Every structure is written in structure tokens, then in C-alpha cells.
Amino acid sequence: MFVVSAAKPGCPGVLSVRVRSRLLIGTWLALIALSGARVARADRAVPQSRIESARGMALGTGVRAAGASTQAQADNPANLVLGGLYHIESFVGYDPTFKRTAWGAAIADSITSRLAAGASARILFGDNDAGENKGWEAKLGLGFPIIDILSVGISGRYSNIRIADPRAYPDRPPPMEVNAQPDQEFRLKHFTLDAAATLRPIPGLAIAALGYNLIDTKSKLAPMTVGGGLAYTYGTLTIGGDVLVDLNKHDMFPGTRLTAGGGVEYLAGNILPLRIGYAYDQGRKQSYVTGGTGYVDPRFAIQISIRQSVSQGSETSLFFSASVFVQ
């Protein structure tokens with residue numbers, strides 16, 4: 001539950017909040033300014049495609065050990081048990097670099113029964129120079145507390161989507177005909193599973209083990225990945241990081257490749273989330289800076305996030321969500 005601070009405007013504590021808020025908001029606005037840069041062509045392996053959350057995008061690799069509510073549904077189903085809540089969210093993700101839009105919704109319920117549940121879905125649309133982006137996917141997650149300090153979770157996802165990426169290595173080589181174009185539309189039509197476990201040995205500390213796409217999808221859009229995360233929360237400050245290993249089932253790289261990073265979140269005045277993060281994708285040789293803010297109170301939340309690549313050309317992703325907190 002969130003509590004609004006009643007401190008007077010002139011007190012030192014509030015001044016500190018204002019200074020921190022301006023610094024973090026300034027960083028976030030600088031990231032938005034970068035989003036207008038033109039794409040520089042730089043061939044790469046196509047990135048994975050998945051349902052995301054505003055908080056997860058803003059915090060680099062997500063700080064997944066501390067994810068709750070609809071972020072748990074996206075990143076860590078073991079954390080669906082947290083909070084005693086029932087949250088409903090609608091979201092829009094927009095990728096101006098590749099003219100791609102995703103619209104969807106998510107639900108997280110940890111109050112109805114001991115077996116917590118979440119559900120999410122999205123549709124994808126938009127065209128770019130490589131072709132058409134379209135399709136849909138849906139995901140159902142379950143979480144269960146083994147003991148007070150340990151919970152486990154599993155998520156099933158079915159996807160039927162097509163992603164067009166003009167910067168990615170072709171999914172298939174071009175035909176032999178004159179002026180034939182390479183196929184840079186990547187397809188995912190498969191069911192797969194994610195699994196997670198989170199240990200909370202002391203108050204504030206969370207350690208997560210994570211596995212994604214554990215059923216081989218035979219698609220580069222959903223690589224089999226394992227890893228973990230660590231997060232610590234003290235009052236209104238959360239800091240953490242994640243390390244994920246792409247097992248390279250599709251031979252996109254010469255061996256396994258890491259994605260690593262993390263972020264910091266400060267809840268100013270108990271209502272204004274201020275988030276910054278960083279992620280490095282070793283396989284695609286991409287670095288990203290991330291940020292986000294919004295408004296959160298006990299009844300509803302509005303959040304916005306940005307992810308901006310800072311190597312090998314500009315690539316921008318934006319995410320907006322609006323949530324209603326039933327409990």
C-alpha cells in the first residue's frame with residue numbers, strides 16, 4: 001500500500017525529493033530527445049519479441065527479482081504471489097524506429113486464492129521497409145508460495161506473430177532471381193513455457209532464478225534463455241540487476257551469449273516512480289539506456305517508459321500503461 005507524504009514544502013526532506021526527481025526526470029527527457037535520431041544500418045541477429053511491462057522496460061533488464069503485479073506476469077511468474085492484489089492494466093508499446101505498435105492488456109490476481117494467477121495478451125501491427133508486422137499472442141501465469149520466503153511460478157504462452165526488421169540478418173537468403181529481396185520477416189507460431197523461482201531470505205532482498213521459452217519454439221523471436229536476478233528494496237528505493245544467457249539453440253551466434261544490466265527506482269513522495277536503467281546485449285552488440293516515470297496511488301497508475309539504443313545506430317522503444325487497482 002502506498003502512503004502520501006505529509007511533509008511541509010519547505011522541509012529538507014522534500015527538497016531532497018525535488019532534487020532527485022528533477023535529476024531523474026531530466027535523464028528521462030534526454031532519452032526521449034534521442035528517439036528522433038535516424039536509424040543507421042547495422043546488420044544483427046533479430047531481437048526476441050515478447051510481452052513487456054512499463055516498469056520492466058524502464059529498469060534496463062527489468063530488475064526482475066523485484067517485479068510484482070503485471071510486471072511479474074511479464075517477467076517473473078514466481079512473483080505473482082506478492083502483494084495481495086487484483087490489478088487490471090491496458091498498455092501500448094510503440095517502436096518508432098521500425099513503425100511497429102503493440103496494444104494489449106494484463107491482469108494480476110494474488111488475492112482470490114493462494115495460487116496466484118495472471119493473464120496478458122497483445123496484438124501487433126505496422127509496416128516498415130522489411131515488410132509487415134502483425135499477429136497476436138496470449139500468456140497465462142501461475143505462482144505459488146512454497147514457504148513464506150520462497151515462491152515458484154510458471155507461464156504458458158502461445159504466439160502467432162510476424163516481425164519485420166530491416167536491420168536483422170535475413171531469416172532466409174534471397175532467391176536467385178534478379179533484384180530479389182532478402183526475407184527479413186521473422187515468424188513465431190508456437191506454444192512455449194517460462195518458469196521462475198524467487199527467494200526472499202531477508203526483508204528487502206530478492207533472488208530470482210529465471211527460464212524463458214523452455215519449449216523450443218524453432219523461432220529466433222523466442223530464444224531459449226536462462227538466468228537470474230538480484231534486487232534490494234529499502235523504503236522507497238529499489239536497486240537490482242539481471243544476467244540472462246541465450247542458449248543459442250538456433251546458431252545465431254558462435255556460442256551462448258549474455259544479456260546483462262539493471263536499474264534503479266525511486267518512489268518520490270510515494271506516488272512518483274522515477275526509474276533509470278541500462279542493458280547490454282552481447283549477441284547483438286547493443287547497449288541500451290532506459291528510463292521511465294508516471295503516477296501511482298492506491299487506486300490507479302499511469303506509467304511511461306523508454307528504451308534507447310546507444311550503439312550501432314539508433315533504436316527506440318516506447319511503452320505506456322494505465323492500471324486500475326481493484327484491491
Side-chain angles (χ1 to χ4, degrees), residues 28 31-32 35 47-64 66-77 79-80 82-83 85-110 116-126 133-141 155-161 163 188 194 212 221-222 263 265 267 271-275 277 279 288 290-308 315-327:
W28 181 75
L31 294 176
I32 291 179
S35 67
Q48 68 170 309
S49 180
R50 64 187 187 90
I51 298 173
E52 296 189 272
S53 68
R55 185 175 186 269
M57 178 180 286
L59 292 175
T61 48
V63 187
R64 302 176 189 213
S69 183
T70 51
Q71 190 203 351
Q73 167 62 11
D75 293 333
N76 183 353
N79 283 6
L80 284 168
L82 299 179
L85 52 82
Y86 192 100
H87 290 179
I88 303 171
E89 176 179 282
S90 179
F91 59 81
V92 176
Y94 177 55
D95 188 338
T97 306
F98 302 127
K99 301 176 182 178
R100 184 164 52 232
T101 302
W103 177 84
I107 299 172
D109 177 9
S110 60
S120 54
R122 67 170 182 164
I123 57 173
L124 191 71
F125 51 92
N133 297 270
K134 66 178 183 178
W136 63 274
E137 60 184 337
K139 186 175 183 181
L140 174 66
S155 294
R157 174 171 62 123
Y158 181 79
S159 302
N160 185 359
I161 60 175
I163 297 290
L188 173 59
D194 300 342
Y212 301 105
L221 297 177
E265 176 185 61
L267 191 60
I271 58 171
L272 180 68
L274 302 167
R275 301 160 177 154
Y288 302 91
T290 61
T293 188
Y295 174 85
V296 180
D297 74 15
R299 297 163 297 175
F300 72 94
I302 296 174
Q303 302 175 80
I304 187 168
S305 302
I306 182 171
R307 177 172 57 224
Q308 177 67 46
E315 180 182 328
T316 305
S317 297
L318 302 169
F319 199 96
F320 172 83
S321 71
S323 306
V324 175
F325 303 152
V326 179
Q327 293 286 349

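On a predicted model such as this, the values are computed, not experimentally measured, just so you know. The chain is numbered in sequence order, starting from 1.
Within the 4.5 Å cutoff, the side chain of I51 has heavy atoms near those of the E137 side chain. Counting heavy atoms from C-beta outward, S317 and M57 have side chains that approach closer than 4.5 Å. Looking only at side-chain heavy atoms (C-beta outward), I88 and F325 stay at 4.5 Å or farther from each other. Counting heavy atoms from C-beta on, the side chains of S110 and L80 never come closer than 4.5 Å. With contacts defined as side-chain heavy-atom distances shorter than 4.5 Å, the pair I306/T316 qualifies.
Listed here is the closest heavy atom pair of R55 and A66: NH1-O, 3.6 Å. Heavy atoms only, all atoms of each residue included: V63 and G263 are closest at CG2-N, 3.6 Å. The two residues A106 and T70 make their nearest non-hydrogen contact at CB-CG2, 3.8 Å. The shortest heavy-atom contact between L188 and A222 is CD2-CB, 4.0 Å. For the pair G56 and D75, the tightest heavy-atom approach, listed with the atom from each and the gap, is CA-OD2, 4.0 Å. Taking each heavy atom of A279 and T61 in turn, the nearest pair found is CB-CG2, 3.8 Å.
Aromatic rings from Y158 and W136 are positioned such that their centres are separated by under 6.0 Å. Residues Y295 and F300 place their aromatic rings such that the two centres sit under 6.0 Å apart. Residues F91 and F319 bring their aromatic ring centres within 6.0 Å.
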Exercise for the section: Go through the steps to decide whether R157 and S155 satisfy the test side chain to side chain contact (heavy atoms under 4.5 Å, CB included), and finish with yes or no. Expected result: CA-CA 7 Å; R157 174 171 62 123; S155 294; over 6 Å; no

Handout entry: Q48 and L221: CA distance, side-chain angles, deciding distance, side chain to side chain contact (heavy atoms under 4.5 Å, CB included) verdict
Key = CA-CA 4 Å; Q48 68 170 309; L221 297 177; 5.8 Å; no

Handout entry: Test side chain to side chain contact (heavy atoms under 4.5 Å, CB included) applied to V92 and T101, step by step
Key = CA-CA 7 Å; V92 176; T101 302; 4.2 Å; yes

Problem - Evaluation steps, side chain to side chain contact (heavy atoms under 4.5 Å, CB included), between L124 and K134 - result: CA-CA 5 Å; L124 191 71; K134 66 178 183 178; 5.9 Å; no

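Side chains of R64 and Q71: a donor-acceptor N/O pair is absent below 3.5 angstrom, by distance only. One side chain, S69 or H87, offers a donor N or O that lies under 3.5 Å from an acceptor on the other.
Interatomic distance, D297 CG to L272 CG, rounded to the nearest 0.5 Å: 12.0 Å. Between atom CD of residue Q308 and atom OH of residue Y288 there is a gap of 10.0 Å, rounded to the nearest 0.5 Å. A distance of 11.0 Å separates OG of S53 from CG of N76, quoted to the nearest 0.5 Å.
With hydrogens and angles disregarded, no donor-acceptor distance shorter than 3.5 Å links the side chain of S305 to the backbone of G292. Of the possible polar contacts, none joining the S323 side chain to the E89 backbone as a donor-acceptor pair under 3.5 Å is found. In this structure, K139 contributes its side chain and A74 its backbone to a donor-acceptor pair below 3.5 Å. The backbone N or O of G277 sits less than 3.5 Å from a side-chain atom of T290, completing a donor-acceptor pair.
Of the residues listed (I161, I163, D95), the one engaging N133 in a side-chain contact (heavy atoms from CB on, under 4.5 Å) is I163, and it is the only one.
In this structure, E315 does not pair ionically with R307, as no charged nitrogen and carboxylate oxygen lie closer than 4.0 Å. A salt bridge does not link D194 to R50: none of the charged nitrogens lies less than 4.0 Å from a carboxylate oxygen.
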